[in-house]
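The next block holds one structure in the form of structure tokens; read it before the comments.
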Amino acid sequence: MRTAKIVICDDDRAMQEILRQKIESMCSDAQEACSIVCCNSGEEVLREEPAPDILFLDIQMPEKSGMEIAEELRRKRCKTILIFVTALSEYVYDAFDVGAFHYLVKPFSDEKLRDVLDKALRQYKEQCGLDGSAAGQGTEQAEESRVILVKCGGVSTKVRLDDIMYAEVFNRKVMLHTKQGDIEYYGKLTELSEQVGEDFYRSHRAYLVNLKYVEKYTATTIWLEQGTALVAKKQFPGFVRRYMQYISGRRCR
């Protein structure tokens, strides 16, 4: 079993030790092979060889901030799974720019830490091909898993999920905006969102977007490769978190 290198970077040594003990215990409970390294500054992180697989990184530190360290790691094309740990929530949107996996705001519960650690370890295994998810699966089966069937006027059409940029609903009809053109059928966006998987996000009651085609966004609008979608106020924080995770995952593929 390959050992995951987990680095904790925090200039507060008490916090550093608390995190180390908790993460060590959680890895042991989950029977995960992990080596844990503690760093007092971002400069120490940058000197780590090999680079961390998973990094718990404080944002507010003397000299270089956590954000600056994250930017340097990304410039090196480092695939580290970044988890920011901070007492300030205002940096959450900046974390998107460096492909952060998650953003933990102090104080956080053990349950929250365990959930984030479990998800980070799962992504680490996927990056390393250790999850066995592709074992025994033929190319045809993998291809079919990315396809849905939509029925319009008695005709069933196969649509590749990778080709759907976004979907919108109006007058009981769903409009799929694909790279090849638009496809309209009677249906519900809720049912479609259950079919398409994690690469899509329901940004608004009337819109479902494929994160692959997002070009830019504000708190109200998402611009895609072709077209735009609305963002509901209550959905915006969830969209940013999901998109950060998506970008981080894409960088590591």
Side-chain angles (χ1 to χ4, degrees), residues 1-89 91-108 110 112-131 241 243-253:
M1 181 182 295
R2 181 170 173 178
T3 299
K5 181 178 180 179
I6 300 176
V7 173
I8 300 165
C9 181
D10 197 314
D11 62 314
D12 183 337
R13 304 239 177 154
M15 182 63 184
Q16 185 187 109
E17 180 60 19
I18 289 171
L19 265 180
R20 186 195 66 76
Q21 291 181 7
K22 289 180 183 295
I23 292 171
E24 185 175 40
S25 175
M26 290 173 184
C27 286
S28 177
D29 290 345
Q31 297 184 328
E32 297 285 358
C34 299
S35 67
I36 302 174
V37 177
C38 292
C39 295
N40 302 315
S41 69
E43 287 79 0
E44 289 183 36
V45 174
L46 295 174
R47 290 195 294 268
E48 279 292 320
E49 290 292 343
D53 295 310
I54 300 172
L55 173 60
F56 287 83
L57 181 61
D58 188 20
I59 290 181
Q60 289 187 299
M61 292 187 294
E63 298 181 24
K64 290 185 178 180
S65 71
M67 283 294 175
E68 290 174 309
I69 298 303
E71 288 169 358
E72 290 197 34
L73 287 171
R74 292 308 186 218
R75 281 196 293 271
K76 293 180 178 180
R77 299 189 178 275
C78 178
K79 297 181 180 180
T80 296
I81 297 170
L82 282 171
I83 301 169
F84 284 114
V85 182
T86 180
L88 302 174
S89 60
Y91 293 103
V92 65
Y93 300 123
D94 295 331
F96 159 76
D97 294 327
V98 291
F101 179 79
H102 208 92
Y103 192 100
L104 284 170
V105 180
K106 306 173 187 176
F108 46 84
D110 287 358
K112 182 64 176 178
L113 175 61
R114 187 184 301 273
D115 179 60
V116 171
L117 177 62
D118 286 346
K119 289 176 179 175
L121 285 168
R122 282 202 297 272
Q123 177 160 317
Y124 161 73
K125 290 177 183 177
E126 289 173 4
Q127 290 173 194
C128 298
L130 301 175
D131 62 343
R241 284 194 297 271
Y243 193 46
M244 284 194 298
Q245 292 172 9
Y246 174 81
I247 290 296
S248 179
R250 294 290 293 183
R251 282 174 173 160
C252 296
R253 290 174 192 173

Next item on the list: Decide side-chain contact (heavy atoms from CB on, under 4.5 Å) for R122 and K119; before the verdict, give the C-alpha distance in whole Å, the side-chain angles of both, and the deciding distance to 0.1 Å.
Entry: CA-CA 5 Å; R122 282 202 297 272; K119 289 176 179 175; 3.2 Å; yes

Notebook entry, point to check: What do the steps show when you test V7 against T80 for side-chain contact (heavy atoms from CB on, under 4.5 Å), and what is the final call?
Noted result: CA-CA 10 Å; V7 173; T80 296; over 6 Å; no

Notebook entry, point to check: When you look at F56 and L117, which way does the side-chain contact (heavy atoms from CB on, under 4.5 Å) test go after all the steps?
Noted result: CA-CA 10 Å; F56 287 83; L117 177 62; 4.2 Å; yes

Margin query: I'd like to know whether K106 forms a salt bridge (charged side-chain N to carboxylate O under 4.0 Å, His left out) with D12, so could you lay out the CA-CA distance, the side-chain angles of the two residues, the decisive distance to 0.1 Å, and finally the verdict.
Written below: CA-CA 13 Å; K106 306 173 187 176; D12 183 337; 5.8 Å; no

Note to self: Working note: L121 + C34, criterion side-chain contact (heavy atoms from CB on, under 4.5 Å); need CA distance, chi angles, decisive distance, verdict.
What the structure shows: CA-CA 10 Å; L121 285 168; C34 299; 4.1 Å; yes

Item checked: Verdict with supporting geometry, R47 and E44, salt bridge (charged side-chain N to carboxylate O under 4.0 Å, His left out) -> CA-CA 5 Å; R47 290 195 294 268; E44 289 183 36; 5.1 Å; no

What side-chain donor-acceptor pairs closer than 3.5 Å can you find for residues 61-71, not counting sequence neighbours?
residue : atom : partner : partner atom : Å
K64     : NZ   : E72     : OE2          : 2.4
S65     : OG   : M67     : N            : 3.4
S65     : OG   : E68     : N            : 3.3
E68     : OE1  : S65     : N            : 2.8

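Scanning both residues, I81 and A120, for their nearest heavy atoms gives CD1-O, 3.4 Å.
A donor-acceptor pair is defined here as one N or O able to donate and one able to accept, closer than 3.5 Å; such a pair exists between the side chain of Q16 and the backbone of C39.
Under the side-chain contact (heavy atoms from CB on, under 4.5 Å) criterion, S35 pairs with T3, K5, sequence neighbours left out. Annotation: side chain to side chain donor-acceptor pair (under 3.5 Å) contacts of R13 (sequence neighbours excluded): N40.
Here the CG-CD distance, from L73 to E48, works out to 11.0 Å after rounding to the nearest 0.5 Å. Atom CD in Q21 sits 10.0 Å away from atom CD1 in I36 (nearest 0.5 Å). How far OG of S41 is from CG of D10: 11.5 Å, rounded to the nearest 0.5 Å. Atom CG of L82 is separated from atom OH of Y103 by 13.0 Å, given to the nearest 0.5 angstrom. Distance check, rounded to the nearest 0.5 Å: CZ of R20 to OG of S25 gives 10.5 Å. Distance CD1/I54 to CD/Q123: 9.0 Å, rounded to 0.5 Å.
Screening D58, V45, V85 for a side-chain contact (heavy atoms from CB on, under 4.5 Å) with C9, the sole residue that qualifies is V45.
Ionic pairing of D118 and R114 is not present here: no N-O contact between side-chain nitrogen and carboxylate oxygen is shorter than 4.0 angstrom.
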